[in-house]
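Everything on this sheet refers to the single structure shown next.
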Amino acid sequence: MSLAASPQGTTAGALESAIQRVKAGSLSWVKLALPERISLLEELGRGYVAIAEPSVRAACEAKGINFDSPLAGEEWLSGPMVVVRNLRLLAASLRDIQHHGVPRIPASRLRTLEDGRLAARIFPMDSLEGMLLPRNEGEVHFLPGVTAANLREHQAAFYREPHGGRLCAVLGAGNVNSIPPADCLYKLFVEGTACVLKMNPVNAYLGPFLEQAFAPLVRRGFFAVVYGGAEEGAALVSHPAVDEVHITGSDKTHDALVWGPPGPESDARRARDEPLLRKPFTSELGNISPVVVVPGPYSDGELRFQADNIAGMVANNASFNCNSAKLLVQPKAWTARSRVVDAVEASLGKASVRRAYYPGADQRWRQFTEGRAHLRQVGRAAEGELPFALIPDVDPLQTEDRVFRHEPWCTVLSETGLEGSDDPVAFLTRAVAFLNEKVWGTLNATLIVHPGSLKDAEVCRAVEKAVRELRYGTVAVNTWPAAAYALVSLPWGGHPSSTPRDIQSGLGWVHNTLMLEGVEKSVLRAPLTNLPAPPWVPGHRGVGELGQRLVQFERSPSWLKVPGIAAAALRR
């Protein structure tokens, strides 16, 4: 049998049985003592390591990747590494709750932002963890009202005031194999809800591996996996025993569940704010992920480094990532603008053209590319593959252009130039307003900023103001926001300004292993250039070995494992 063979859809009777079993289990789950929860997490960690290689093999087969090639490293890094790290950090937080009442954040890691709000630096928590992303720093910005004095009151609410037992229906994403387990781990161990997970048909092959790795939860009725498409998903979500819903996927799926099928009736319900689905609903729903290049004194080598960085944001996972770079934003008159576009194109030429494994990709690619006068195609695509499409100089005044309103979900990167001077301060003001008001999505954004520019106090203030004002759940400086996703300590989700009527990239958080509440956004900062280069850059020869080594590292971190990790990371 094919490694990537998908299970058949769950029958109505089996779905009912799974829901009732986990609903009953939710009553026991909330009463489980901390030592038992920690023991379970350790057991789940062992179980996930055991299925790591076969699950990566299945993913490679499904996505057309040679398991023995460096490209398989994508699946190691975005799948088992993330989940094993998630399990380990959750166990550490529960131990903190045992001894301190909440996961610990030392006061030395707290600071007050210029607007008076609280920020907490949570990555790296120690020098060993810092080896994962050298010279990177991650912090959380909180909403008004969260202070250093009351931060403990905004952590681990379930463990301070447990509810009486709840069942969450989780509709899993089909693109990245860490998403379904990580979403469930958040609901289970942070929010205290038992979970029935419906796998997306695109990666339903992962389900049996999850059932094996999470067997201790399955046996006790805390967790179940079911299969099928929209019909099974709707039946699960609407079941009266289901208390709440979480979905990672499309905003269109969200809207159909909450407001009903598209049409006048759905529009009228939305206008009246009378949703069909009245259960608590959290979601992560994609994004037109922008990369803003702030003018500065870039050398050719620095531009090439960041071009590789941006190209990797596009090429990774055949561009089927909610955080894939989709829109490059620069000043229209900046003299280096064309150099950036040319460098990104050259770097995409080093990336492998990939199987378009996600349904409908070919049609979406044509919708974005047909009739584009300046379209640049990169790479030779065979049957079932798509070349990279670079669309430069899209008019920013044509705000109804689909590149600003619809996520491509395929190998397309657009570029636009904003009118006005190329002064960094003035440009940042325009760019923030443009992204917040004209570009769809609230999940993540990237700023590329030269360190020389930051030596000017006015520019530095403008960059910090932009980081604060961008309405995105994650803002990254000089790096891909996907790194924040992979760290799992940082909260991941859409900006809380979204509403059910205008859901954008969704509402609610996942990952967030320090169990923080009142979160406004995560911020990850990196140097303009770094050694080693990020593992997502096109043509990285050591990423396959790196992924496997990092899974073992996350299972049991040790300085003895660092030299092997460094050697693999440096095999550029």
Side-chain angles (χ1 to χ4, degrees), residues 136 286-296 298 302-317 319 321-332 334 336-348 351 368 376 378 388-394 396 403-404 407-408 411-418 422 424 427-428 430-436 438-450 453 463 466-467 470-485 505 521-530 533-534 536-538:
N136 282 235
N287 196 51
I288 300 172
S289 299
V291 179
V292 178
V293 184
V294 180
Y298 301 95
E302 289 166 338
L303 281 183
R304 282 195 301 271
F305 185 97
Q306 280 299 329
D308 284 345
N309 187 22
I310 296 166
M313 300 181 202
V314 177
N316 183 274
N317 195 29
S319 216
N321 290 322
C322 54
N323 45 38
S324 292
K326 293 302 171 196
L327 179 65
L328 193 56
V329 181
Q330 305 188 84
K332 187 176 183 66
W334 185 35
R337 179 186 173 196
S338 61
R339 290 167 56 207
V340 173
V341 175
D342 292 345
V344 172
E345 180 183 11
S347 187
L348 284 172
F368 277 85
R376 305 185 191 182
V378 184
F388 298 104
L390 182 56
I391 309 174
D393 201 26
V394 180
V403 306
F404 304 127
E407 183 181 23
T411 52
V412 171
L413 173 67
S414 304
E415 186 267 351
T416 192
L418 302 185
D422 60 2
F427 170 68
L428 277 165
R430 296 194 307 275
V432 170
F434 180 72
L435 296 184
N436 283 349
K438 306 298 183 183
V439 178
W440 180 84
T442 59
L443 185 64
N444 58 255
T446 300
L447 299 176
I448 307 298
V449 185
H450 195 282
S453 302
V463 170
V467 169
L470 282 165
R471 290 198 293 268
Y472 290 88
T474 296
V475 176
V477 179
N478 293 333
T479 190
W480 188 16
Y485 168 94
S505 297
K521 69 179 60 169
S522 298
V523 181
L524 183 64
R525 304 171 194 266
L528 181 68
T529 64
N530 210 357
W536 54 83
V537 299

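Starting from 1, each residue takes its place in the sequence as its number. Everything quoted here is computed from the prediction, not taken from an experiment.
- A side chain to side chain contact (heavy atoms under 4.5 Å, CB included) with Val292 is found for exactly one of Leu435, Thr446, Ile448, namely Leu435.
- A donor-acceptor pair under 3.5 Å links the side-chain atoms of Ser505 to the main chain of Gly286, judged by distance alone.
- Distance check, rounded to the nearest 0.5 Å: CG of Leu328 to CG of Leu390 gives 8.0 Å.
- Across all their heavy atoms, Asn309 and Asn478 have their closest contact at ND2-O, 3.4 Å.
- Between atom CD of residue Glu407 and atom CD1 of residue Ile288 there is a gap of 7.5 Å, rounded to the nearest 0.5 Å.
- Between Lys332 and Asp393 there is a salt bridge, with a side-chain nitrogen of the basic residue lying less than 4.0 Å from a carboxylate oxygen of the acidic one.
- Scanning both residues, Pro290 and Tyr472, for their nearest heavy atoms gives CG-OH, 3.7 Å.
- Listed for the Asn287 side chain is a donor-acceptor partner under 3.5 Å among the backbone atoms of Thr442.
- Asp422 places no side-chain N or O within donor-acceptor distance of the main-chain N or O of Trp334, the cut-off being under 3.5 Å.
- Residues Trp480 and Asn444 have side chains that never bring a donor and an acceptor to within less than 3.5 angstrom of each other.
- Judged by distance alone, with hydrogens and angles left aside, the side-chain atoms of Asn136 form no donor-acceptor pair with the main-chain N or O of Ala526 at under 3.5 Å.
- Pairing each heavy atom of Pro424 with each of Pro295, the nearest pair is CG-O, 3.7 Å.
- Salt bridge absent: Arg337 and Asp342 never bring a charged side-chain N and a carboxylate O closer than 4.0 Å.
- Side-chain N or O atoms of Asn321 include one that pairs as donor or acceptor with a backbone N or O of Asn316 at under 3.5 Å.
- Summarising the geometry of Pro396 relative to Phe434, their closest heavy-atom pair is O-CE1, 3.6 Å, with the distance given to 0.1 Å.
- Judged purely by atom type and a 3.5 angstrom limit, Gln306 uses its side chain to pair as donor or acceptor with the backbone of Leu528.
- In this structure, Thr416 contributes its side chain and Val394 its backbone to a donor-acceptor pair below 3.5 Å.
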